[in-house]
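All ligand and atom numbering here is 1-based and tracks the order in the structure.
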Amino acid sequence: MATAEPEPISNPSNSEEEKSEATGQEVVLSPEDYIKHPLQNKWALWFFKNDKSKTWQANLRLISKFDTVEDFWALYNHIQLSSNLMSGCDYSLFKDGIEPMWEDEQNKRGGRWLITLSKQQRRQDLDRFWLETLLCLVGEAFDDHSEDVCGAVVNIRTKGDKIAIWTTDYENKEAVTHIGSVYKERLGVPAKVIIGYQSHADTATKSGSTTKNKFVV
Ligand code: MGP
């Protein structure tokens with residue numbers, strides 16, 4: 001990963017020497033002190049703003065990409081909280097190379113674990129659920145099944161906000177159910193509250209207001 005690559009160091013102890021400004025004495029820096037902490041994947045954050053004069057795809061904008069812990073926090077701290085966005089807006093965080101849309105090759109056979117929030121939950125839960133979702137992604141929280149994760153989306157909507165984790169293949173039952181149960185636990189959703197997984201194919205072709213669940217946890 002380019003940003004995490006250390007400069008070549010001639011020092012055999014793999015540490016760097018630097019003069020302390022205060023004392024003028026040499027201080028030894030270990031790589032921990034000057035290398036940003038690499039993430040397993042590179043991620044891209046996208047923003048959607050509902051402008052009805054444009055197509056859905058034209059309303060989607062890439063904000064920026066990061067692949068270190070430090071750059072994740074720099075970006076997170078720089079942008080608005082989800083609860084401050086206007087209704088109709090989305091944030092999406094996807095692995096670099098996957099576009100946050102059903103049509104992407106990595107999404108078209110996939111689906112999403114959907115968390116639907118009540119209007120009151122915008123104040124109570126939205127921002128902390130979204131941050132926890134981001135941490136599940138960048139921290140690869142789903143063990144080997146993290147490979148199936150494509151990204152996550154938060155939709156800010158007057159009728160009730162939504163947060164979802166998108167995975168690559170709804171037929172990968174083991175991966176999908178593992179991701180769902182870990183995600184539910186990480187959010188602290190009570191056991192009696194059921195969350196559902198729907199395929200994008202069903203969501204994209206739904207006729208009524210609900211899409212049938214392929215899995216629940
Ligand atoms: P939405 O933004 O996911 O949910 O989809 P919203 O606004 O709560 O609406 P609801 O239908 O779920 O109640 C709204 C609309 O945006 C969809 O009906 C599509 O027209 C369009 N849209 C959403 N997504 C995620 C995609 C996508 O991946 N590809 C394309 N082409 N259109 C999409």
Side-chain angles (χ1 to χ4, degrees), residues 41 43-65 79-134 136-137 148-172 175-176 179-180 183-184 187 189 193-217:
N41 276 290
W43 298 88
L45 184 73
W46 301 74
F47 180 65
F48 178 92
K49 187 163 186 284
N50 192 8
D51 174 348
K52 293 206 171 82
S53 69
K54 294 191 193 153
T55 64
W56 185 85
Q57 294 201 0
N59 283 327
L60 196 57
R61 285 288 151 85
L62 175 68
I63 301 180
S64 92
K65 298 183 183 186
I79 60 175
Q80 286 292 336
L81 287 170
S82 302
S83 59
N84 289 334
L85 297 180
M86 282 190 345
S87 204
C89 292
D90 307 332
Y91 281 133
S92 303
L93 185 77
F94 275 70
K95 285 177 181 164
D96 185 29
I98 308 181
E99 292 191 308
M101 55 182 74
W102 305 320
E103 293 84 353
D104 190 281
E105 185 59 33
Q106 295 299 315
N107 292 324
K108 65 186 191 191
R109 285 169 297 278
R112 62 174 176 173
W113 281 108
L114 180 62
I115 311 290
T116 54
L117 304 183
S118 66
K119 291 186 184 186
Q120 300 87 280
Q121 281 181 292
R122 180 171 299 175
R123 198 174 52 82
Q124 291 169 358
D125 297 326
L126 177 70
D127 294 326
R128 62 186 189 87
F129 277 11
W130 178 239
L131 177 57
E132 194 61 24
T133 304
L134 297 176
C136 283
L137 264 55
D148 266 54
V149 170
C150 296
V153 182
V154 57
N155 304 119
I156 306 307
R157 299 291 183 273
T158 330
K159 65 190 177 194
D161 306 322
K162 292 178 278 186
I163 297 179
I165 290 189
W166 289 28
T167 77
T168 194
D169 192 339
Y170 70 79
E171 290 189 340
N172 292 349
V176 172
I179 291 166
Y183 186 38
K184 182 174 171 178
L187 293 184
V189 174
V193 176
I194 298 302
I195 64 169
Y197 180 96
Q198 299 117 33
S199 73
H200 299 314
D202 287 346
T203 304
T205 56
K206 74 174 175 190
S207 46
S209 61
T210 49
T211 306
K212 69 171 187 291
N213 290 326
K214 291 238 182 264
F215 304 98
V216 293
V217 290

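- A side-chain donor-acceptor contact under 3.5 Å links R128 to the backbone of Q124.
- In plain terms, the two heavy atoms of I195 and L114 that are nearest each other are CB-O, 4.1 Å.
- Residues with a heavy atom under 4.0 Å from ligand 1: W56, M101, W102, E103, R157, K159, K162, K206.
- The side-chain contact (heavy atoms from CB on, under 4.5 Å) test applied to K49 returns F47, M86, C89, not counting sequence neighbours.
- Between the side chain of D104 and the backbone N or O of E99, at least one donor-acceptor pair lies under 3.5 Å.
- For the side-chain hydrogen bond (donor to acceptor under 3.5 Å, both in side chains) test, no residue two or more places apart in sequence or in another chain qualifies with Y170.
- Qualifying side-chain contact (heavy atoms from CB on, under 4.5 Å) partners for Q80, counting only residues two or more places apart in sequence or in other chains: N84, L85, Y91.
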